[in-house]
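Dropping the structure in here first, questions after.
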Amino acid sequence: MTQNYFELFGLTPVFNIDLSKLETNFRKIQSESHPDRFVIAESAEKLKSMQLATLANEAYQTLKQPALRAKYLLELQGIFPISETNTAMPSDFLMQQLEWRETLEDAKAAKDINAVDSLLSEIRIEANELKTELTRLIDNNHDHVAAATAARKLMFLDKVTADINSVIEQIEN
Amino acid sequence: MALLQISEPGMSAAPHQHKLAVGIDLGTTNSLVATVRSGLSSVLSDEHGHALLPSVVHYNADNSVDVGFDAQKKQNQDPHNTILSVKRFMGRGLKDIDISQLPYKFTESVESTGMVQIETRAGTKSPVEVSADILRVLKTRAEQILGGELVGAVITVPAYFDDAQRQATKDAARLAGLNVLRLLNEPTAAAVAYGLDNASEGIYVIYDLGGGTFDISILKLSKGVFEVLATNGDSALGGDDFDQRIFCWILETAKLSPRNAHDTRLLLSKAREAKEWLTEHAEANVSCMLSDGDFVNVTLTTHAFIALTATLVQKTLSPTRKAMRDAGLGIEEIDGIVMVGGATRMPQIRKTVAEYFKQTPLTNLDPDKVVALGAAIQANVLAGNKSDADLLLLDVIPLSLGLETFGGLAEKIIHRNSTLPISRAQEFTTYKDGQTAMSIHVVQGERELVSDCRSLARFELRGIPPMVAGAARIRVTFTVDADGLLSVSARETSSNVEANITVKPSYGLSEDEITQMLKTSFNSAEADKTARMLTEARVDAGAIIEAVTTALAADGALIDSEEKNAIEAGIQRLQTIAASDNADAIHKAVEALNHATESFAAARMDASVKKALSGKELNTLNL
């Protein structure tokens, strides 16, 4: 099982993938490989099923999420967006991160759900712009170095989004 | 190609036989068993026509055990020896439960495990044993009605059960002599029963408020695939808590002092009756005589009841919101809400859910039976009765798994709502020269501090080759299977030495305790044990021979004749040995056949996946 995630689902290795084909083929692979299909099978088949179903889940989650998909695509090209020597971020981006964090802290202190919601939608717009940029950089221009920075930005946004969601949970409790 | 599919003499697959498999809803208040007959899922009733078996176990002075209605009748006279709602104690420690209103004598296990134990006149009982007593009755009921031994059972668990609670449930089934085909999440089971009945497609929310647990699951239904997008819940919130609120209200209103176990039990049953009465009436009268001759006579109005329990109803919305967020969905995207569990009969619950989702929830299936019906459908598929072969359930892990790191912090390795099965590897190194062992603490939960999460187990890794500090690379792999159960393996990668793992479950039973319980429960002589082992070995041998023979008949063309001959020789050898009385030799021959079919299994899997994917391409071309 040496094929990469794109090959597993019969997809072309691009950033702007066919998401509905990804979903359909994921379900097809799970229909053939899920452990539920091998409950009364022999143990060699059970093991194989477990391995393939696990791989399909991992591959599906990676390709479904844009930041992880970009990172994975770049890694296939030998470029590692997250590594010890590759952490520099443009200063304007870092400034914006700081602003968002401050807004979040204020909203948390004031228990202001509306402020948090508007922050979330601001970040969603930013994330959509990055996805368009990643399609251009990876699929059209093959500029993997610039794409690595954009992918890293998208990962930052995912992290902020996760933190915002946990703040919402705290406010609600 | 067709020629190759003709079976050889003596190897033809047995005529398709319907395998007896059941779905069991092991509930806090009631338990049920269901099965699929002639393509229809139905609940199996006892000789009096009762489908529900109250999850109540009574231990008699003569060592006999009553389960169900007979036990329920004794709850008021003999509260210490009548165990209700045992599901609330599964995989739980003493500090996890509020024991102030419970009439039992609790102790903690003296063994390694932290699960609570209940002292009864029949001895100290683990919640696992009490649950096994309930399961045994359902197993017997099914076998009597269906007229044969069960191949296995699907047992349902609350989606929000953690690893310890799931393991305890599986142990209970094992103790009752049931082969567990799968632990299935209750809301997912309900979705199967509902979805198949209504041929639904789209995104559905299952709101499941049972006797002692609350689950919320969001599923995407599409062409027989039930994909759980997110699940959340509260494994200590249910109908029991509504009874408790009424109980406290009675004490307050009738100005009663704290009562003895007998009165507590009596008033709790009265509270429950009042709750059920209020579903269709505006007020409920509670009147009874207490043990000291005091007479209680109070009236609870619907209005007062709603006020008393408003916070409980609200408590279900927080997990609901979390699940919606995890699924990344807005309420306008929900196609339907299915209500499951007896507690969802309460009008204030239905009203609150309807207000939150801005649509009327679906209540057309009996909320008490829907989980068992769905479990039976899944059991039928898993046992290999092909009627619903297109059905596939993709479920998730409800709570994140993490490891303890420096400073008592929990580092998440598998996030909640990841689709199962899932596997994650983590690398560790030694911090001392020549270190040969290390300890890993696995926890479950969403909080940052280890002390706020649930401790699952401590693993001791031994046999690491001595090296300088930091040189060893120990790769620990955490796997969560389709039952939602965790297993751990470890390997030193630079020397490729397999490290030994000793598991110390925090709230489970050790393997020794299970063995001991099995021995006690069967109370068997050595000869019985040998006979049982031999029977089990032969069953295993028969199963693998059938599986491999069928596989060869279908896909024998995938391998060369040499490999095929080796497999066929293995089958013949096993057939010969299976006729002997040597269980050990049969096991070895089964293992050998398993080994011989490894690459065949891989080839079959690759071929079936390729075929599945290429089918899509052809369809696309036809469009």
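To find a chain, count down the sequence lines: A is the first, B the second, and so on, and within it residues start at 1.
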(request) Pick one of side chain, backbone, both or neither for B:Lys315, based on which atoms fall under 4.5 Å of a heavy atom in chain A. (result)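 When you check distances to chain A, no heavy atom of B:Lys315 falls under 4.5 Å.
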
(request) Go through B:Asn594, B:Asn179, B:Val609 and name the one with the most non-hydrogen pairs under 4.5 angstrom from chain A. (result)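 Greatest number of close heavy-atom pairs with chain A: B:Asn594.
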
(request) Give a yes or no on whether the backbone of A:Phe9 and the side-chain of A:Asn25 come within a donor-acceptor separation of less than 3.5 Å. (result)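 Yes, A:Asn25 side chain to A:Phe9 backbone: donor-acceptor pair under 3.5 Å.
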
(request) Examine whether an atom of B:Ala596 lies under 4.5 Å from a heavy atom of chain A, and if so say whether it belongs to the side chain, the backbone or both; otherwise answer neither. (result)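 Neither part; nothing is under 4.5 Å.
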
(message) Under 4.5 Å from any heavy atom of chain B, what part of A:Asn165 do you find: side chain, backbone, both or neither?
(response)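 Both backbone and side chain.
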
(message) For the interface with chain B, which of A:Pro35, A:Ser33, A:Ser166, A:Ala53 has the highest count of heavy-atom pairs at distances below 4.5 Å?
(response)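 Ranked by contacts with chain B, first place is A:Pro35.
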
(message) Given heavy-atom pairs under 4.5 angstrom as the criterion, report whether the side chain, backbone, both or neither of B:Ala482 touches chain A.
(response)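 For B:Ala482, the contact with chain A is made by the side chain alone.
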
(message) Measuring only between side-chain heavy atoms, which start at C-beta, is B:Leu382 closer than 4.5 Å to A:Ile40?
(response)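 Side chain of B:Leu382 against side chain of A:Ile40, heavy atoms only: no contact under 4.5 Å found.
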
(request) Please flag which part of B:Leu317 lies under 4.5 Å from any non-hydrogen atom of chain A: side chain, backbone, both or neither. (result)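 For B:Leu317, no heavy atom lies under 4.5 Å from chain A.
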
(request) Sort out for me which of B:Glu446, B:Lys322, B:Glu598 touches chain A most, counting heavy-atom pairs under 4.5 Å. (result)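 Most pairs with chain A among the choices: B:Lys322.
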
(request) Can you see which heavy atom on B:Ile586 is nearest to which on B:Ala537, and at what distance? (result)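 Distance-wise, the nearest heavy atoms are CG2-O, 3.6 Å.
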
(request) State, without any angle test, whether A:Asp158 and A:Gln65 hold a side-chain donor-acceptor pair at a distance under 3.5 Å. (result)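 Judged by distance alone, the side chains do not pair up.
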
(request) Please flag which part of B:Asp481 lies under 4.5 Å from any non-hydrogen atom of chain A: side chain, backbone, both or neither. (result)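 Both backbone and side chain.
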
(message) Within the 4.5 Å heavy-atom criterion, are B:Asn185 and B:Val396 side-chain neighbours or not?
(response)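 When only atoms from C-beta onward are counted, B:Val396 and B:Asn185 do not touch, as no gap falls below 4.5 Å.
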
(request) Would you please name every residue forming a salt bridge (charged side-chain N to carboxylate O under 4.0 Å, His left out) with A:Lys131, sequence neighbours left out? (result)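 Not a single residue meets the salt bridge (charged side-chain N to carboxylate O under 4.0 Å, His left out) criterion with A:Lys131.
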
(message) With a 4.5 angstrom heavy-atom cut-off, is it the side chain or the backbone of A:Gln61 that approaches chain B, or both, or neither?
(response)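 Side chain only.
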
(message) So for A:Glu169, is it side chain, backbone, both, or neither that comes closer than 4.5 Å to the heavy atoms of chain B?
(response)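 Contact with chain B is through both the backbone and side chain of A:Glu169.
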
(request) Name the region of B:Ser418, side chain, backbone, both or neither, that has any atom closer than 4.5 Å to a heavy atom of chain A. (result)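 Neither part; nothing is under 4.5 Å.
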
(message) Taking side chain as everything from C-beta outward and backbone as N, CA, C, O, which of these in B:Gln378 sits under 4.5 Å from a heavy atom of chain A? Side chain, backbone, both or neither.
(response)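 Side chain only.
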
(message) Check A:Arg27 with B:Glu227, please: is the shortest side-chain N to carboxylate O separation under 4.0 Å?
(response)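 A salt bridge links B:Glu227 with A:Arg27.
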
(request) Identify which part of B:Val590 has an atom lying under 4.5 Å from any heavy atom of chain A, answering side chain, backbone, both or neither. (result)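 Neither the backbone nor the side chain of B:Val590 comes within 4.5 Å of chain A.
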
(message) According to ring pair (Phe, Tyr, Trp, His ring centres under 6.0 Å), does anything in residues 44-64 of chain A pair up with another residue at least two apart or in another chain? List the pairs.
(response)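 Ring pair (Phe, Tyr, Trp, His ring centres under 6.0 Å) check on residues 44-64 of chain A returns A:Phe26-A:Tyr60.
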
(request) Would you indicate whether the side-chain heavy atoms of A:Gln97 and A:Lys159 approach each other to under 4.5 Å? (result)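 No. Closest side-chain heavy atoms not under 4.5 Å.
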
